[in-house]
K.L.:
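Can you read through this structure? Questions will come right after.
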Amino acid sequence: MKVSIVGTGYVGLVTGVCLAEKGHQVTCIDIDDEKIGKINRGIPPIHETGLEDLLKKNIKSRLQATNDLHGSVLATDITLIAVGTPFDGQRIDLTFVEKVAQQIGQALKDKPGYHLVVVKSTVVPGTTDEVVLPVLEKTSGKKAGKDFGVGMNPEFLTEGQAVQDFMQPDRIVLGGMDEKSIDTLSRLYEQFAQVDKLRTNNKTAEMIKYTSNCLLATMISFSNEIGNLCSTLGDVDVVDVMKGMHLAHYLSPILPGGQRVPAPINAFLAAGCGFGGSCLPKDVKALIAHGERAGAPMRLLDAVIHINQEQPKRILTLLKKHFPSLKGIKIAILGLAFKPDTDDMRESPAIPIIKDLLAQGALVKAHDPVANREARRYINDDRVNYTDELGEALSQVDAVVLVTRWEEFRKMPDLLAAMKSPPVFIDGRRMLDKHAIAKYEGIGL
Ligand code: NAD
């Protein structure tokens, strides 16, 4: 199929590159000319495992990037909307989505024949039918369901493994205003024959995305609340508690042969310094606000957000056990991105942790294998001393705080053991063996 994708961020670019790899003719559209230039030169503007190879392989043959939305809509059969939907404190900000819908509508006015417009951005239930569809009808002067179709195809990729998630998805949700829209959308995924596909209306597709993200956020805040109680009670470690819970048959079923299969959700049932990223915090807040307006307040999700906002402060509490005043204390932060294998800093717990430490007069060094450049932009404080070298980060510090679960931090016990006077070590992710590190502190311990 000939596909145009508006918005070339994490979702739009990964979708574009992967659909091109699957044989479609893809045009990626963005307003950011620097991004377009990079993509056309085969340079991914974001860090994602496997993205560069696929981009280089497909660019100029089945994939191209442009800022010409109008021309791209005319030249394709289907247009995906993959622009940002930030939360503005009250509701999701649909400015980008509405603007793009207007532009697509204007192009549709000049396009003979059927076209399908699909929302891939995460939008609250009702948005595709009640906001996007009317804007398309108004600006195109055409009728949805007759001249063009409208669909909703939520994206479930996880940053850091986005390419793999797209190429081997666990499900594909095909939302549409009518059967023709869903049929057309399903042609885009013909190459994914073995994958479970759910055909549904647009509102359900939107709700599936929020429900999935809210479940993950709830599991994390639940684990953090349990962890916080463990550390208050004493003599009980949340890691052992979670291990015991994970062994329940509904979290680690035992196959007839006796082999246990731990459920991947167990990764979210673990205490730490909080969740971040561009999706979980924003999506939970957006659904809470949407529920509130709809007259269905979401008390559980309120608590999920509240716990998460407080969680980074636990790091400070642990540091204060060793340093009642943090003024002049040299602290290394290991990991800045909100999760490993990405350089995405959006809502990373590293941001409030570093800001709190600076406010208390600590001297902060920071190291992330790939996110230092992004972190500089987000934290925007010259007092932070960034380093690309883990060894340099550890040199002459009083304390080390692990914030992101990067694999390279597995070598921390050996590195610390080789030091003459090892610093206090705060494991913000309970990633390392507490017995393998001298002055170990951890969330939920
Ligand atoms: P992003 O901010 O990385 O990218 C959005 C892109 O849209 C930017 O490159 C921006 O320049 C471009 N853009 C904005 N206005 C435009 C316009 N008028 N015309 C053309 N391009 C325009 O966003 P993202 O992380 O890719 O997220 C996009 C959507 O997907 C959001 O709704 C998000 O919630 C959802 N989502 C994100 C993820 C994720 O892991 N990042 C996962 C699933 C769903």
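Order of listing sets the numbers, starting from 1, for every ligand and every atom in it.
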K.L.:
Would you mind listing which atoms of ligand 1 come within a distance below 4.0 Å of any non-hydrogen atom of Gln103?
P.N.:
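Answer, ordered by atom number: 18 (N).
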K.L.:
Checking contacts here: is it the side chain or the backbone of Gln102 that comes within 4.0 Å of ligand 1, counting heavy atoms only? Could be both or neither.
P.N.:
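Contact part for Gln102 vs ligand 1: neither.
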K.L.:
Pick whichever of Val11, Thr342, Asp165 has a heavy atom sitting closest to atom 27 (O) of ligand 1.
P.N.:
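Comparing heavy atoms across Val11, Thr342, Asp165, the nearest one to atom 27 (O) of ligand 1 lies in Val11.
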K.L.:
With respect to Phe148, which candidate in Glu137, Met177, Lys143 satisfies the side-chain contact (heavy atoms from CB on, under 4.5 Å) definition?
P.N.:
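Among Glu137, Met177, Lys143, the one meeting side-chain contact (heavy atoms from CB on, under 4.5 Å) with Phe148 is Glu137.
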K.L.:
Considering only the protein, which heavy-atom contact is closest to atom 13 (N) of ligand 1, and what is its distance?
P.N.:
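That would be Val83 CG1, 3.7 Å.
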K.L.:
For residues 57-81, which residue pairs pass the salt bridge (charged side-chain N to carboxylate O under 4.0 Å, His left out) check, not counting sequence neighbours?
P.N.:
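Sorted result for residues 57-81: Glu21-Lys57.
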K.L.:
As a check for students: among Ile36, Val119, Asp30, identify the option with a heavy atom nearest to atom 12 (C) of ligand 1.
P.N.:
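Residue with the shortest heavy-atom distance to the ligand atom: Asp30.
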K.L.:
Could you tell me whether Ser121 approaches ligand 1 through its side chain, its backbone, both or neither, with non-hydrogen atoms closer than 4.0 Å?
P.N.:
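It is both backbone and side chain that touch ligand 1.
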K.L.:
Listed by chain and number, what are the ring pair (Phe, Tyr, Trp, His ring centres under 6.0 Å) partners of Tyr189, not counting sequence neighbours?
P.N.:
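By the ring pair (Phe, Tyr, Trp, His ring centres under 6.0 Å) rule, Tyr189 matches Phe192.
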K.L.:
In terms of atom number and element, which parts of ligand 1 are under 4.0 angstrom from non-hydrogen atoms of Gly7?
P.N.:
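Result: 6 (C), 7 (O), 12 (C), 21 (N).
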K.L.:
Step by step, work out the salt bridge (Lys or Arg N to Asp or Glu O under 4.0 Å) result for Glu130 and Lys203.
P.N.:
CA-CA 10 Å; Glu130 293 155 30; Lys203 207 172 203 171; 3.6 Å; yes
K.L.:
Thr85 versus ligand 1: do any nitrogen or oxygen atoms come within less than 3.5 Å of each other?
P.N.:
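Thr85 vs ligand 1: N/O contact under 3.5 Å present.
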K.L.:
Given Lys120, Lys339, Glu155, Lys282, which has its nearest heavy atom closest to atom 33 (C) of ligand 1?
P.N.:
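The option holding the nearest heavy atom is Lys282.
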K.L.:
Taking Lys111 for the side chain and Thr76 for the main chain, is one N or O donor matched with an acceptor at less than 3.5 Å?
P.N.:
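It does hold such a pair.
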K.L.:
Is the side chain of Asp165 donor-acceptor paired with the backbone N or O of Thr158 at a distance under 3.5 Å, no angle test?
P.N.:
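Checking the backbone N and O of Thr158 against the side chain of Asp165, a donor-acceptor pair under 3.5 Å is found.
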K.L.:
Give the intermediate values and the outcome of side chain to side chain contact (heavy atoms under 4.5 Å, CB included) for residues Tyr386 and His367.
P.N.:
CA-CA 6 Å; Tyr386 294 91; His367 164 73; over 6 Å; no
K.L.:
If we set the cut-off at 4.0 Å for heavy atoms, which region of Ala162 has an atom near ligand 1: side chain, backbone, both, or neither?
P.N.:
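No part of Ala162 comes within reach of ligand 1.
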K.L.:
Pick one of side chain, backbone, both or neither for how Thr122 approaches ligand 1, counting any non-hydrogen atom pair under 4.0 Å.
P.N.:
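Near ligand 1, Thr122 shows its backbone as well as its side chain.
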K.L.:
Starting from atom 5 (C) of ligand 1, which protein heavy atom do you reach first, and at what distance in Å?
P.N.:
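The closest one turns out to be Gly84 N, 3.8 Å.
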K.L.:
Distance-only, no hydrogens or angles: does the His24 side chain make a donor-acceptor pair with backbone N or O of Leu188 under 3.5 Å?
P.N.:
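Here the side-chain-to-backbone pair exists.
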K.L.:
Measure the distance from atom 15 (N) of ligand 1 to every protein heavy atom, then report the residue, atom name and distance (to 0.1 Å) of the closest one.
P.N.:
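Heavy-atom neighbour on the protein nearest atom 15 (N) of ligand 1: Ile31 CD1, 3.5 Å.
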K.L.:
Counting only heavy atoms not in Lys434, do more than 12 sit closer than 6.0 Å to its NZ atom?
P.N.:
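Correct, the count exceeds 12.
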K.L.:
Could you check atom 17 (C) of ligand 1 against the protein and tell me its nearest heavy-atom contact, residue, atom and distance included?
P.N.:
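Ranking protein heavy atoms by distance from atom 17 (C) of ligand 1, first comes Val100 CG2, 3.7 Å.
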K.L.:
Could you check atom 41 (N) of ligand 1 against the protein and tell me its nearest heavy-atom contact, residue, atom and distance included?
P.N.:
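Looking only at protein heavy atoms, the one closest to atom 41 (N) of ligand 1 is Glu159 OE2, 2.7 Å.
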K.L.:
Measure the distance from atom 38 (C) of ligand 1 to every protein heavy atom, then report the residue, atom name and distance (to 0.1 Å) of the closest one.
P.N.:
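That would be Cys279 SG, 3.2 Å.
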K.L.:
Hey, is Val6 touching ligand 1 through its side chain, its backbone, both or neither, going by heavy atoms under 4.0 Å?
P.N.:
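The answer is the side chain.
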K.L.:
Say whether, by atom type as modelled, one donor and one acceptor occur between the side chain of Asp368 and the main chain of Ala337 under 3.5 angstrom.
P.N.:
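Indeed, once roles are kept as given, a pair shorter than 3.5 Å links the two residues.
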K.L.:
Any sub-3.5 Å donor-acceptor pair from Thr15's side-chain atoms to Val11's backbone N or O?
P.N.:
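Indeed, once roles are kept as given, a pair shorter than 3.5 Å links the two residues.
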K.L.:
Answer yes or no: does atom CZ of Phe87 have more than 12 heavy-atom neighbours from other residues, nucleotides or ligands under 6.0 Å?
P.N.:
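It does: Phe87 CZ has more than 12 such atoms within range.
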K.L.:
Classify the contact between Phe96 and ligand 1 as side chain, backbone, both or neither, using a heavy-atom distance cut-off of under 4.0 Å.
P.N.:
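The side chain, only.
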K.L.:
State whether Tyr378 and Arg346 meet the cation-pi test: NZ (Lys) or CZ (Arg) under 6.0 Å from the six-membered ring centroid, and within 45° of the perpendicular axis.
P.N.:
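Cation-pi check for Arg346 and Tyr378: fails.
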K.L.:
Need the ligand 1 atom indices (1-based, order shown) with element for anything under 4.0 Å from a heavy-atom of Ser278.
P.N.:
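Checking each atom against Ser278, I get 39 (C), 41 (N).
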K.L.:
Kindly confirm or rule out an N or O of Lys35 lying under 3.5 angstrom from an N or O of ligand 1.
P.N.:
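Looking only at distances, the answer is yes, because the N/O contact criterion of under 3.5 Å is met.
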K.L.:
Just going by heavy-atom distances, which of Gly277, Gly9, Gly12, Pro86 is nearest to atom 1 (P) of ligand 1?
P.N.:
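Considering heavy atoms of Gly277, Gly9, Gly12, Pro86, the nearest to atom 1 (P) of ligand 1 sits in Gly9.
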K.L.:
With a 4.5 Å limit on heavy-atom distance, are the side chains of Val284 and Asn213 in contact?
P.N.:
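No; the side chains remain at least 4.5 Å from each other.
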K.L.:
Number the atoms of ligand 1 from 1 as they appear, then name those within less than 4.0 Å of a heavy atom of Lys209, with their elements.
P.N.:
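Checking each atom against Lys209, I get 43 (C).
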K.L.:
Starting from atom 23 (O) of ligand 1, which protein heavy atom do you reach first, and at what distance in Å?
P.N.:
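The closest one turns out to be Arg346 NH1, 4.0 Å.
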